[in-house]
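Below is one structure; the comments refer to it alone.
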Number of protein chains: 2
Amino acid sequence: MSDIAARLVDIVGNSHVLIGDAIPDDYAHDEELTLPPQQPAYVVKPVTAQEVSQLLTTATERGVPVTARGSGCGLSGAARPRAGGMLISFERMNRVLEVDTANQVAVVEPGVTLTELDSATADSGLGYMVHPGELSSSVGGNVGTNAGGMRAVKYGIARHNVLGLQAVLPTGEIIRTGGKIAKLSTGYDLTQLIVGSEGTLALVTEVIVKLHPRLGHNASVLAPFANFDQVTAAVPKIVASGLAPYIVEYIDNMTMAALVHTQNLELGIPDQVRDSCEAYLLVAVENRTADRLMEDVETAGEMLAELGATDAYILEGSAARKLIEARENAFWAAKAAGADDIIDTVVPRASMPKFLSTARSLAAAAGGAAIGCGHAGDGNVHMAIICKDPAKKKQLMTDIFALAMELGGAISGEHGLGRVKTPYFLQLEDPAKISLMYRIKQSFDPAGILNPDVLLPAQGP
Amino acid sequence: MSDIAARLVDIVGNSHVLIGDAIPDDYAHDEELTLPPQQPAYVVKPVTAQEVSQLLTTATERGVPVTARGSGCGLSGAARPRAGGMLISFERMNRVLEVDTANQVAVVEPGVTLTELDSATADSGLGYMVHPGELSSSVGGNVGTNAGGMRAVKYGIARHNVLGLQAVLPTGEIIRTGGKIAKLSTGYDLTQLIVGSEGTLALVTEVIVKLHPRLGHNASVLAPFANFDQVTAAVPKIVASGLAPYIVEYIDNMTMAALVHTQNLELGIPDQVRDSCEAYLLVAVENRTADRLMEDVETAGEMLAELGATDAYILEGSAARKLIEARENAFWAAKAAGADDIIDTVVPRASMPKFLSTARSLAAAAGGAAIGCGHAGDGNVHMAIICKDPAKKKQLMTDIFALAMELGGAISGEHGLGRVKTPYFLQLEDPAKISLMYRIKQSFDPAGILNPDVLLPAQGP
């Protein structure tokens with residue numbers, strides 16, 4: 001056993017260190033589609049912040065690159081280890097420490113999954129409202145990527161729902177940021193700097209999340225539109241209506257066909273409607289009483305009709321749930337359909353038609369295709385990229401990202417950059433900002449051990 | 001004219017530089033209560049980001065300390081200049097550049113006041129919902145202090161409503177962060193790092209703020225409670241009810257008496273109720289229809305009665321508006337009543353009773369008093385400190401801040417630390433965090449010109 005391995009065993013115990021061939025393949029990748037697996041040199045499974053601190057001190061002393069892993073369901077390769085590196089898996093730090101109803105927060109360890117957190121909070125009538133498609137995702141992973149999901153249009157993204165952290169710096173120092181408080185003007189917001197930093201600044205060992213009341217009643221309206229511009233024009237009106245929808249999603253007709261087919265959805269939409277529409281808008285509303293919900297659904301339906309929808313189908317109970325689940329599983333549908341890559345570009349929502357039509361033209365010109373669905377309320381466009389030729393695909397993606405940035409958007413709305421999107425970011429982003437980010441990185445991680453090559457080049461710009 | 005003055009005139013023009021005796025007293029202070037005025041060496045009034053860039057490049061080259069000023073209504077002395085320093089006033093950068101209804105954002109220059117922004121957005125049916133008491137405050141000032149205010153319980157604080165910035169680094173580089181987008185997972189969140197940094201990292205020259213729909217109907221319920229613990233116990237139940245109140249304020253009986261007296265409020269509360277209550281809870285609700293509003297008000301009133309309120313007074317129209325305005329003016333009432341200092345400490349809201357009773361005991365033991373009101377929904381406690389002896393006052397405030405931190409809170413919820421609260425912060429905060437903050441500061445401002453001695457010691461910890 002190497003000197004480093006012996007030290008890791010000292011810290012977390014023999015049964016919580018995996019080395020070499022003993023490392024299962026699962027630890028060599030996340031759910032990113034394109035990168036080959038990469039075995040790390042060590043997998044360690046700490047159970048306290050103190051253990052994480054000792055691991056990071058060791059890594060800093062020995063110059064060992066460190067990658068953090070929650071549930072391993074990221075889509076950009078941020079949890080894919082470095083060759084020769086240490087993978088710190090938070091699977092054993094999976095306790096819900098507290099559900100505090102008076103302050104309406106939960107305090108959890110990073111390895112807690114969203115499903116577990118949902119169960120733990122259910123009886124309180126409160127819930128963590130960040131809802132990325134994958135509910136096996138961990139809260140730590142949500143913090144790392146600044147997860148979003150469908151409900152962001154009402155409840156915000158992880159950033160808006162993370163109030164405080166315990167985090168370990170690469171130097172081994174353990175800090176606490178924020179707290180069970182929603183207001184704070186006391187120094188730099190270290191919480192928000194760490195949220196979305198994809199494991200490059202500090203490792204999170206405890207998270208205070210905001211809980212919202214669970215409203216008892218919800219329903220969805222599905223509206224087909226003849227053309228996509230109408231969908232985008234409808235969105236701000238729906239959002240500004242005061243109905244406070246918690247889901248505002250678009251689904252293009254090809255994606256809807258794939259979802260209906262692969263997941264056996266029965267939506268009751270006649271063939272001639274389906275054939276004549278370019279995209280669907282799915283609007284979900286919720287309220288504290290059943291009566292108000294029914295009124296809101298009717299109002300939403302009337303508004304959608306006025307805004308040009310061919311029709312409006314009210315989906316209650318299982319039909320709504322199935323469609324929303326199918327939408328959440330769109331990634332798996334895209335994977336099954338042979339997508340060569342996926343993107344989750346964000347643009348100002350009014351720019352979605354221009355972005356989508358131009359991106360589709362770019363894809364067609366490259367001999368490929370770009371199809372998808374997305375968070376219409378947020379301008380967060382998910383597309384499956386079909387383009388077999390690697391060089392052409394790379395150029396196509398560069399062009400699509402550049403287009404999003406020209407329109408005032410960014411490469412990723414919620415998946416993060418990870419190992420696969422970082423090179424595009426470094427190519428397209430303002431060098432002054434890259435350089436500033438690198439100086440910030442150094443202020444946390446002078447030895448550069450935390451997830452090198454993610455967000456920034458390991459050796460600096 | 002000095003060499004520096006000549007350079008400043010070159011940059012912004014002769015009529016936009018003030019030097020020496022030509023500088024009006026107003027520029028020597030903000031609304032902080034305790035510090036004597038401090039004249040800067042220069043006041044400059046740029047009108048473009050390029051001019052700000054040239055000013056900062058000059059300041060970095062010559063080592064001139066720079067303080068930014070919006071409306072000068074801050075309460076912690078962050079806009080109080082340094083002796084020999086340059087005050088950059090954003091009064092001429094006061095244009096609303098765009099009200100974008102499709103994306104539901106406004107793009108404004110930092111000198112725009114909240115009153116001006118409110119007027120500019122009124123016709124759109126949308127509004128910037130951050131509502132600190134002082135509506136002559138500027139958007140730039142809101143960004144600098146991460147302003148909060150009464151509506152934060154529903155709409156969040158400045159941080160949650162600032163989507164993007166144009167900012168000038170002390171090196172003169174002009175960067176853009178964020179955008180007209182609510183979701184973003186593309187590198188470190190520089191927007192959120194700059195928000196609340198009190199002019200110590202970069203100067204903001206453009207702000208993209210989120211706009212929310214203005215709901216047409218609102219009303220308030222005022223409920224007296226016999227004791228403060230009942231008030232705090234009621235708050236989470238009101239917030240979790242699904243009523244989505246946009247104001248949840250407490251006002252202690254002494255403060256209420258002062259407000260009623262100084263502002264001639266007619267609230268219709270009988271004397272015996274007033275004499276027997278320890279504090280009031282003010283709950284404001286809003287809805288998109290008048291019918292729903294009336295139902296919500298009734299529900300709120302019933303809930304408050306069940307939660308132990310002595311009574312519940314529905315305030316409509318001008319009575320509600322006057323009380324809310326009086327509450328917003330509580331600072332001026334405290335000032336007029338001879339307050340020696342003010343604090344805006346934040347604690348987890350369930351800890352408010354313990355915090356308030358202990359703080360009052362500490363004040364009494366120091367021969368003084370601590371009275372106030374605050375944002376009950378957020379645990380943000382505003383207190384006027386009455387304590388004439390400066391050394392005793394300093395110790396009392398140290399003890400109160402330490403108490404808040406022990407309870408999981410922080411020194412300031414929304415006013416910021418400025419020049420007056422920074423020494424307490426440096427004394428009480430974890431040295432590892434101070435040190436990390438200082439390294440972050442250096443990554444933006446290697447020459448240390450931006451607001452030295454605010455948040456961090458000028459020469460490092």
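Computation of the quantities below employed the complete heavy-atom set of this structure, encompassing side-chain atoms and omitting hydrogens, waters and symmetry-equivalent molecules. Just so it is clear: chains get the letters A, B, ... in the order the sequence lines come, proteins before strands, and each one is counted from 1.
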Task: Sidechain-backbone polar pair: A:Gln104 side chain, B:Pro236 backbone, donor-acceptor under 3.5 Å - done: yes
Open item on the list: Between B:Arg349 (side chain only) and A:Ala102 (backbone N and O only), is there a donor and an acceptor less than 3.5 Å apart?
Closed with: yes
TODO: Heavy-atom distances under 4.5 Å only: say whether B:Asp100 touches chain A with side chain, backbone, both or neither.
DONE: neither
Task: Toward chain B, the part of A:Ile440 with a non-hydrogen atom under 4.5 Å - done: both
Open item on the list: Could you check whether any side-chain N or O of B:Ser185 sits under 3.5 Å from a backbone N or O of A:Thr145, counting only pairs where one atom can act as donor and the other as acceptor?
Closed with: yes
Open item on the list: Is A:Lys237 close to chain B through its backbone or its side chain, or both, or neither, when contacts mean heavy atoms under 4.5 Å?
Closed with: neither
- [ ] Sort B:Lys421 into side chain, backbone, both or neither according to what part of it lies under 4.5 angstrom from a heavy atom of chain A.
- [x] neither
Task: Interface residues of residues 166-174 of chain A facing chain B - heavy atom cut-off under 4.5 Å - done: A:Leu169, A:Glu173, A:Ile174
Task: Shortest non-hydrogen separation from A:Ala410 to B:Thr186 and the atoms involved - done: CB-OG1, 3.7 Å
TODO: Pick whichever of A:Arg176, A:Arg214, A:Lys180, A:Arg288 has the most heavy-atom pairs under 4.5 Å with chain B.
DONE: A:Arg288
TODO: Return yes if some donor-acceptor pair links the side-chain N/O of A:Asn103 with the main-chain N/O of B:Ala350 below 3.5 Å, else return no.
DONE: yes
- [ ] Under 4.5 Å heavy-atom distance to chain A, tell me which part of B:Ile411 shows up: side chain, backbone, both or neither.
- [x] both
Task: Part of A:Ser241 lying under 4.5 Å from any heavy atom of chain B - done: backbone
Task: Under 4.5 Å from a heavy atom of chain A, the part of B:Thr191 involved - done: neither
Task: Proximal component of B:Ile181, with respect to chain A [non-hydrogen, under 4.5 Å] - done: side chain
Open item on the list: Could you tell me if the side chain of B:Asp430 sits less than 4.5 Å from the side chain of A:Ile175, heavy atoms only?
Closed with: yes
Open item on the list: Tell me which of these, B:Leu211, B:Thr422, B:Leu243, has more heavy-atom pairs under 4.5 Å with chain A than the rest.
Closed with: B:Leu243
Task: Heavy-atom proximity to chain B below 4.5 Å, by part of A:Asn287 - done: side chain
Task: Proximity of residues 147-160 of chain B to chain A, residues having a non-hydrogen atom under 4.5 angstrom - done: B:Gly148, B:Gly149, B:Ala152, B:Ile157, B:Arg159, B:His160
- [ ] Quick one: which of B:Thr289, B:Thr200, B:Val235 has the most heavy-atom pairs under 4.5 Å with chain A, could you say?
- [x] B:Thr200
TODO: Grab the two heavy atoms, one from B:His375 and one from A:Lys183, that are nearest each other, plus how far apart they are.
DONE: CD2-NZ, 2.8 Å
- [ ] Pick one of side chain, backbone, both or neither for B:Glu198, based on which atoms fall under 4.5 Å of a heavy atom in chain A.
- [x] side chain
Open item on the list: I'd like to know which of B:Leu455, B:Asp344, B:Asp189, B:Val105 tops the heavy-atom pair count under 4.5 Å against chain A.
Closed with: B:Asp189
Open item on the list: Among A:Ser76, A:Gly379, A:Ser351, A:Ala240, which residue has the highest count of heavy-atom pairs closer than 4.5 Å to chain B?
Closed with: A:Ala240
Task: B:Arg439 side-chain N/O to A:Phe444 backbone N/O, donor-acceptor pair under 3.5 Å - done: no
TODO: Output the option from B:Ile194, B:Val347, B:Leu201, B:Leu126 having the highest count of non-hydrogen pairs under 4.5 Å with chain A.
DONE: B:Leu201
Open item on the list: Do the side chains of B:Asp291 and A:Arg292 get close enough for a salt bridge, i.e. N-O under 4.0 angstrom?
Closed with: no
Task: B:Asn146 (side chain) donor-acceptor with A:Leu184 (main chain) under 3.5 angstrom - done: yes
Open item on the list: One pair to check against side chain to side chain contact (heavy atoms under 4.5 Å, CB included): B:Lys433 and A:Leu190. What are the steps and the verdict?
Closed with: CA-CA 9 Å; B:Lys433 280 168 70 180; A:Leu190 301 174; 4.1 Å; yes
TODO: Show your reasoning for whether side chain to side chain contact (heavy atoms under 4.5 Å, CB included) applies to A:Leu456 and B:Tyr188.
DONE: CA-CA 10 Å; A:Leu456 290 161; B:Tyr188 304 148; 3.9 Å; yes
Open item on the list: Can you tell me which portion of B:Thr299 sits under 4.5 Å from chain A's heavy atoms? Options are side chain, backbone, both or neither.
Closed with: side chain
Open item on the list: Is B:Thr101 in contact with chain A via its backbone, its side chain, both, or neither, using a 4.5 Å heavy-atom distance?
Closed with: backbone
- [ ] Considering non-hydrogen atoms only, spot the tightest contact between B:Pro213 and A:Val239 and give its length.
- [x] CG-O, 3.8 Å
Open item on the list: Heavy-atom pairs under 4.5 Å with chain B: which of A:Gly164, A:Gly179, A:Gly416 has the most?
Closed with: A:Gly416
TODO: Name the member of A:Gln192, A:Glu429, A:Glu414 that forms the most heavy-atom pairs with chain B at distances under 4.5 Å.
DONE: A:Glu414
- [ ] Name the option with the most non-hydrogen atom pairs under 4.5 Å to chain B; the candidates are A:Ala182, A:Ser435, A:Gly187, A:Ala233.
- [x] A:Gly187
Open item on the list: On a heavy-atom basis, which atom in A:Leu215 and which in B:Gly242 lie closest, and how many Å separate them?
Closed with: CD2-CA, 3.7 Å
